[in-house]
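Taking it in order: structure first as structure tokens, then the write-up.
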Number of protein chains: 2
Amino acid sequence: MNNPAPSSDSDGCGIRPVTDPCDRLREAIVSGEFQPNERLVEADLSVRLGVGRTAIRAALAVLDQEGLIVREPHRGARVRLISAREAFEIEQVRNALERLLARSAATQAASGDVADLREIVAAMHDRLREDDSLGYMQLNATLHRRIWKISDNQVATKMLVTLKSQSIRFQYGTILRPGRPEQSLQEHEKIVAAIAAHDPAACDSAMAEHLGHVLETLQWAIEAQERERPWSALREPAVGGRT
Amino acid sequence: MNNPAPSSDSDGCGIRPVTDPCDRLREAIVSGEFQPNERLVEADLSVRLGVGRTAIRAALAVLDQEGLIVREPHRGARVRLISAREAFEIEQVRNALERLLARSAATQAASGDVADLREIVAAMHDRLREDDSLGYMQLNATLHRRIWKISDNQVATKMLVTLKSQSIRFQYGTILRPGRPEQSLQEHEKIVAAIAAHDPAACDSAMAEHLGHVLETLQWAIEAQERERPWSALREPAVGGRT
DNA sequence: AGCGACAATGTTGTGAACAATCCAGCCCCC
DNA sequence: GGGGGCTGGATTGTTCACAACATTGTCGCT
């Protein structure tokens, strides 16, 4: 019907084409627009996104499958709070899958692929020199995604995308560790070199080393967070949308 | 209590469908009750399962996320045909995840866990002696699931369950290779021994060797299938529900 | 005052009706 | 005879209203 409800797009975004409400909800969750454990009432989301409750319901089903929210039978949906333990599990799985893809990438990379990777690494150098941590993180993600694309394993790639969206909240802290970005960049260079040399074993070990350090850094970040707010694990926000 | 739903179970099935229609549909798909590429008409499924179309629609959304079916915008859902190439991708991912879990299992196994594993292996011996291939396959799956449970990584385990349901159609051929079951059993014994010895590295390599052979066998099975029916890749069944 | 039953409220789950869309067959015109 | 447009049936997408369920606040009883 007359979907352009006058108040629906009041939150700043202009003439967005009718994107999937599922994507919009996912974006809102991973960007932290909803607090962990916050209730997601279907009717509220319906008016907020300007779509029917059915679409919201379908989107919630997808997000539930992806592990971003939990749905209890007659009690609605809440954004899922990823525990530190689960973050470790996710990182371990990511570790295993990225190693697999790194091996495949090493065997399948074309010359153009290697050129792209080197370009990204060069850009990471620049970001690091300018102390642009956010830009560095983005390029980091770009580099990994580019490797995924080279490996050309769609099943694993899709899983990694899903995992990433789940653990995004923990990823932010890992860049804050002193000296970590420099070390990270060297590890990435090593990975790219192994891909350029078409050496799967070296690429595997390089990626393993890199992600092992990421795992350590993740643990450091979690411990730092717990040290700062030791009560956070006990707090049950329940920041219900009631205004 | 006896809620007034007089017309809902009119199709004579005395057993109330207490199970989730999503699970029933999944079961029907992985068990081969629906042909690949067969259209899944919502209304038909609705009467077949005795639930409303809304529930069917939700179930299809989940199954779509799991990759068991594909849904095109206004053209309905069909059971997804897994290509040989995708079966390889799935097997590679399974390989990576099972190795991860094998390592974890080696470090975390309690004595009771090891006893269970040895019991399963002994039962596999029996099935093999009796030429009970089906029973052997089931115990094979049981053994792997038991290892998953020991490793206690719920994220990876859930992924493996999903992958298994996707590639089940290809798993059947792998047992037919001559001499394969005997070799498989030895590999499993090696894995269990490594878990009992709490040796993650040995467990990793044993699982890698095992799954490498599984991958080879899968390739052999696919080639045999293609040799037998070289047209199967071209055939577009389209076994539409139109009676 | 403490506690259990009970109604009030809000939210999800479900089924039916309606609109939008696609597909196949058919007809008309060239 | 062949191709383009059209119409009818079938199927999906969406909305709506209502029932089922959980939570919460209230009232009466001990």
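Below, chain A is the first sequence line, B the second, and so on; all start at residue 1.
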Closest-nucleotide 5' rank along DNA chain D - winner of B:Thr54 and B:Ala43: B:Ala43
Nearest whole Å is fine: how far is [N] [atom2] from [X] [atom1]?
| X | N | atom1 | atom2 | answer |
| --- | --- | --- | --- | --- |
| B:Leu40 | D:dA10 | CG | P | 19 Å |
| B:Glu72 | D:dT11 | CD | C1' | 14 Å |
| A:Asp44 | C:dG10 | CG | C1' | 11 Å |
| B:His74 | D:dG9 | NE2 | P | 21 Å |
| B:Glu42 | C:dT14 | CD | P | 15 Å |
| A:Arg78 | D:dA22 | CZ | C1' | 13 Å |
| A:Arg75 | D:dT23 | CZ | C1' | 9 Å |

Close side-chain approach of [X] and [Y], heavy atoms under 4.5 Å:
| X | Y | answer |
| --- | --- | --- |
| B:Glu33 | B:Glu38 | no |
| A:Glu226 | A:Glu223 | no |
| B:Leu68 | B:Ser165 | yes |

Any residue of residues 56-70 of chain A with a heavy atom less than 4.0 Å from an atom of DNA chain C: A:Arg57
DNA chain C: 5'-proximal contact among B:Gly52 and A:Gly76 (nearest heavy atom): A:Gly76
Reported CD1-to-CG distance for the pair A:Ile147 and A:Leu160, which is rounded to 0.5 angstrom: 11.0 Å
Separation of B:Glu91 CD from B:Ile222 CD1 (nearest 0.5 Å): 9.5 Å
Without placing hydrogens or testing angles, list every side-chain donor-acceptor pair under 3.5 Å for residues 50-63 of chain B, not counting sequence neighbours.
from	atom 1	to	atom 2	distance (Å)
B:Arg53	NH1	B:Glu42	OE1	2.6
B:Arg57	NH2	B:Glu42	OE2	3.2

Candidates C:dC23, C:dA17, D:dT11 - which lies nearest the side chain of B:Arg53: C:dA17
Any donor-acceptor N or O pair under 3.5 Å, side chains A:Gln171, A:Ser167: yes
Phosphate OP1/OP2 of D:dT11 contacted by B:Arg39 side-chain N/O (<4.0 Å): no
